[in-house]
Every structure is written in structure tokens, then in C-alpha cells.
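Structure, as C-alpha cells:
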Amino acid sequence: MIEHATFLVAGLLFWWPVVQPWPSGSRWPEMSVILYLFLATLPCDILSGFLVFCDRVVYTVYLSSSQPFGLSALEDQQCAGALMWTCVTVVYLVAGTILTTHLLSPRSFREVELAQSEMHGDAMQQRLPQSLEAF
């Protein structure tokens, strides 16, 4: 029970910067979230590749367990590694594609331009009274 709760909490904490559950100012630039997802795939890809291409059973407890679907323990490990590799890559690829599309959309450019113009407008309003005081 505690193990599953820690997996859930870790998963929520991992996906929090990607999903951003409510409208708020992101602490990270959008491009860094894409890099975050890419870097997150690396440990999983390494582990999956190891499980797929390993020539021995890594988790020896499975040597004595029943063989579902008629697979040996090594074949089961290889299938599990391939499944993990494929599913994780697809999930991260979908999330990265959505974020990249949002980042490159024309609306996103308009939001950035609007934010910059508002910043420049505020800066101009702050400078104007100071320049009038000089006269």
C-alpha cells in the first residue's frame, strides 16, 4: 500500500510541471519542459534496453515462478522491457508533441508579443513621470 502511494506521489510530482493543472505562471520556460521530458526518457530507455538485450534473467525470483503464455523467464523479461520501452517512449512523445505544437502555434507567439508589449508599456509609463520631473 505504501509502495503504491509513493509511486503515485512520485508520478504526480514528475508530471506536475508538464501538465500544470491550473492556470498559473509557469516557473519554467516552455522549451525547458520539452527538454525535461526528453531527459526523463533516458533512464527508462537505458533500463528497457538493458532488459531487452540482456542474455540472463535479471530478477531471479521469476525463474521459479509459473511461465505465463508459455514464455521462459528470459523471454518474459525481454517482452516486458520492450513493452516498457515502447509505451514510455510513446507517452513522452505524445506529451512532447503537444507541448511543441503549443509552443510553435501562432497563438503562443501572440501571447508572447502581448506580454512583451505590456512590459514595454509599463516601463514607458514608469519612465514618463521621471522624465517630466526633470523639466
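Residue numbers start at 1 and run along the sequence shown. Atoms considered below: every heavy atom in the structure, side chains included; atoms not considered: hydrogens, waters and symmetry mates.
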Membership question, hydrophobic clusters at under 4.5 Å side-chain separation (ILVMFWY): are Val58 and Val88 in the same one? yes
Starting at CG of Leu99, measure out to CD of Gln20 and round the result to the nearest 0.5 Å. 8.5 Å
Give every donor-acceptor pair under 3.5 Å between a side-chain atom in residues 35-53 and any protein atom, sequence neighbours left out.
residue : atom : partner : partner atom : Å
Tyr36   : OH   : Phe14   : O            : 2.7
Thr41   : OG1  : Phe38   : O            : 2.5
Asp45   : OD1  : Trp85   : NE1          : 3.4
Ser48   : OG   : Cys44   : O            : 2.8

Applying a strict under-4.5 Å side-chain criterion to I, L, V, M, F, W and Y, I'd like to know whether Val18 and Met31 cluster together. yes
Do Val19 and Val33 sit in one hydrophobic cluster, given that two such residues count as connected whenever their side-chain heavy atoms are within less than 4.5 Å of each other, even indirectly? yes
Any side-chain heavy-atom pair from Asp76 and Gln67 closer than 4.5 angstrom? no
Can you check whether His102's main-chain N or O pairs, donor with acceptor, with Ser105's side chain at less than 3.5 Å? yes
Under a 4.5 Å side-chain heavy-atom rule over Ile, Leu, Val, Met, Phe, Trp and Tyr, are Leu103 and Trp15 clustered together? yes
In terms of hydrophobic clusters joined by side-chain contacts under 4.5 Å, are Val61 and Met84 together? yes
Gap between atom CD of Glu3 and atom CG of Leu8 - 0.5 Å precision: 12.5 Å
Other cluster members, Leu93 - Ile/Leu/Val/Met/Phe/Trp/Tyr, side-chain contacts below 4.5 Å: none
Distance check, rounded to the nearest 0.5 Å: Ile34 atom CD1 versus Thr100 atom OG1? 3.5 Å
Surrounding OH of Tyr92 (heavy atoms of other residues, nucleotides or ligands, distance under 6.0 Å), is the total greater than 12? yes
Holding to side chain to side chain contact (heavy atoms under 4.5 Å, CB included), I want the full list of residues that pass it with Leu74, two or more places apart in sequence or in another chain. Val57, Ser72, Gln77, Gln78
